[in-house]
Amino acid sequence: MTGFRFLTAGESHGPSLGVTLEGLPAGIPVTADAIAVDLRRRQGGYGRGARQAIEQDRAEILAGVRHGHTIGSPVLLLVRNRDWESWTRVMQVEPLTDADAAELAALAEGGNRRAQAVTRVRPGHADLAGALKYGFDDVRPVLERASARETAARVAAGAVCRSFLAALGIEVWSFTAEVGGVAVDRATCTRTRAEAEASPLRCPDPAAEARMIARIDEARSLGNTVGGVFEVVAHGLPIGLGSHVHWDRRLDGALAAAIMSIQSVKGVEIGLGFEQTRRLGSEVHDVIEGRDAAGTWIHRSNNAGGLTGGITNGEPLVVRGAVKPISTLARPLPSADLLTGEAVEKAHYERSDISVVPAAGVIGEAMVLLTLTRFVLEKAGGDALAEVRDNLDRYRERIGRGPAGAPAIRATGATAPEPGSGEAGSGGDD
Ligand SMILES: Cc1cc2nc3c(=O)[nH]c(=O)nc-3n(C[C@H](O)[C@H](O)[C@H](O)COP(=O)(O)O)c2cc1C
């Protein structure tokens, strides 16, 4: 018996992308229209290249859904690449006949860049390592799969998980927190979530967004690119997803891997993240106020980002991903040729994005949704959505009552111990 898992397939300029989701319960509402909402969000954002105007992604639901609901069997989604029409010969699936090969060679000789072998490997991309590892004399097969076009399949899968988790009262959203060194200021995040969602960079701080856009314009005018940071937040999680008992059952570890697996993400923070290292313990750890009358455990702050010991603690989950600047530059860096090993003045260039942080945030949401689905099913799994909901409700009720033998619920007002009050032990836990 295996738990929930998913697997994507597809190349950037191949016929289509696909994803199989296995282990979902029956009864989850799924429609192509609902999936299209997230696919559209992934394609937006100031700083993206021309491709987004060509592709208007829509998932076809090919299996696992009947009359708008999952039926417990694997769900298969397909997102066709509209751009495929321009790549049919270059990305042909069937073996090339002599005539096909001659046509391709003629296209390349005639200056069609799509048909030419890519050998001037791009710094910062998968080109060199991928081609050497798989034994290609042309980078095309590597860049086709390394491309973040693959994330359309992840986002489609994430949309199915969004529907599942929404039925359990769990909601996931993201926003752009930083671009090109310009960060949002929490004090001036005046936009509502809907306003931020509709803004060019999916950003809650209008003043910061204007400066972020200026950074992107500046980079574009220089043939350059910029990175940034997105933040994903999940609300409505019960206490107790994940576990401290083993490294691969920690939710923080699984989320870090999931976010880090997004193309161009080079760092992950949970809660206060690296900033914690610059503060004293008393300034970092979230004081536990107690259980309120409704049975909800209250923390005074949420620097831990909703996770302690690899387990959700009932506070909102906060995960950030650091996105490096896109590596395909309109003014390419020097590089080397894959075949000759000699230095070349300019790396390969093909149509590319300048900045992708808002899109990366939507992909981050998908990865969080997919990861949370696995952990929710591990905690409260069942074959039908109603069964999962019942399991979770019963568990939530038990958590709200506290451990066996706990007194009846009362509002508490615990305060943090004064430093040096002697409440801390003298030993470490390692
Ligand atoms: C939404 C999104 C769009 C991207 N678009 C491009 C692009 O147009 N050009 C490019 O060179 N890299 C792009 N990337 C990044 C590359 O896919 C990534 O740098 C490459 O696969 C190498 O992986 P690594 O950066 O994780 O090492 C994009 C990444 C994301 C998340």
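As the structure lists them, so they are numbered: ligands from 1, and atoms in each ligand from 1. Only heavy atoms go into these numbers, but all of them, side chains included; no hydrogens, no water, no symmetry mates.
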Can I get a per-line list of side-chain donor-acceptor pairs under 3.5 Å for residues 24-39, giving both atom names and the distance, sequence neighbours left out?
unit_1	atom_1	unit_2	atom_2	d
T31	OG1	A34	N	3.0
D33	OD1	R58	NH1	3.1
D33	OD1	R58	NH2	2.6
D38	OD1	R41	NH1	2.8
D38	OD1	R162	NH2	3.3
D38	OD2	R162	NE	2.8
D38	OD2	R162	NH2	3.3

For a quick check under 3.5 Å, do R40 and Q43 share a side-chain donor-acceptor pair by atom type? no

Can you check whether R48 has an N/O within less than 3.5 Å of an N/O in ligand 1? no

Non-hydrogen atoms of I363 versus ligand 1: any pair closer than 4.0 Å? yes

Considering both backbone and side-chain atoms of D353, is one of its nitrogen or oxygen atoms within less than 3.5 Å of a nitrogen or oxygen in ligand 1? yes

Of the protein's non-hydrogen atoms, which lies at the shortest distance from atom 7 (C) of ligand 1, and what is that distance? S352 OG, 3.2 Å

Can we say D57 and R149 salt-bridge, meaning some charged N sits less than 4.0 Å from an Asp/Glu carboxylate O? yes

At what distance is the nearest protein heavy atom to atom 25 (O) of ligand 1, and which residue and atom is it? K324 NZ, 2.7 Å

Considering only heavy atoms from C-beta outward, does the side chain of L143 approach that of R122 to under 4.5 Å? yes

Salt-bridge criterion met for E275 and R278 (N-O under 4.0 Å): yes

Quick one: do E11 and R145 satisfy salt bridge (Lys or Arg N to Asp or Glu O under 4.0 Å)? Show the steps, please. CA-CA 5 Å; E11 279 70 45; R145 181 63 185 165; 5.0 Å; no

Provide, to 0.1 Å, the distance between atom 20 (C) of ligand 1 and the closest protein heavy atom, together with that atom's residue and name. H125 CE1, 3.4 Å

Tell me: protein heavy atom nearest atom 27 (O) of ligand 1, and distance? K266 NZ, 3.0 Å

Just which atoms of ligand 1 are under 4.0 Å from any heavy atom in A146? 17 (O), 21 (O)

Shortest protein contact, atom 17 (O) of ligand 1 (heavy atom only): Q263 CB, 3.3 Å

Assess whether a salt bridge exists between E178 and R215, defined as any Lys/Arg side-chain N lying under 4.0 Å from an Asp/Glu carboxylate O. no

Nearest protein heavy atom to atom 11 (O) of ligand 1, by residue and atom, and its distance? T328 OG1, 2.4 Å

Please state which option from A359, S264, G45, S327 has its nearest heavy atom closest to atom 26 (O) of ligand 1. S264

Short side-chain donor-acceptor distance under 3.5 Å, T8 and R154: no

How far is atom 29 (C) of ligand 1 from its nearest protein heavy atom, and which residue and atom is that? A148 CB, 3.4 Å

In the protein, what heavy atom is nearest to atom 13 (C) of ligand 1, and what distance, to one decimal place, separates them? I326 CD1, 3.4 Å

Would you check whether V356 has a nitrogen or oxygen atom less than 3.5 angstrom from a nitrogen or oxygen atom of ligand 1? no

Could you tell me how the ring of W173 sits relative to the ring of F175: parallel (under 30°), tilted (30 to 60°) or perpendicular (over 60°)? tilted

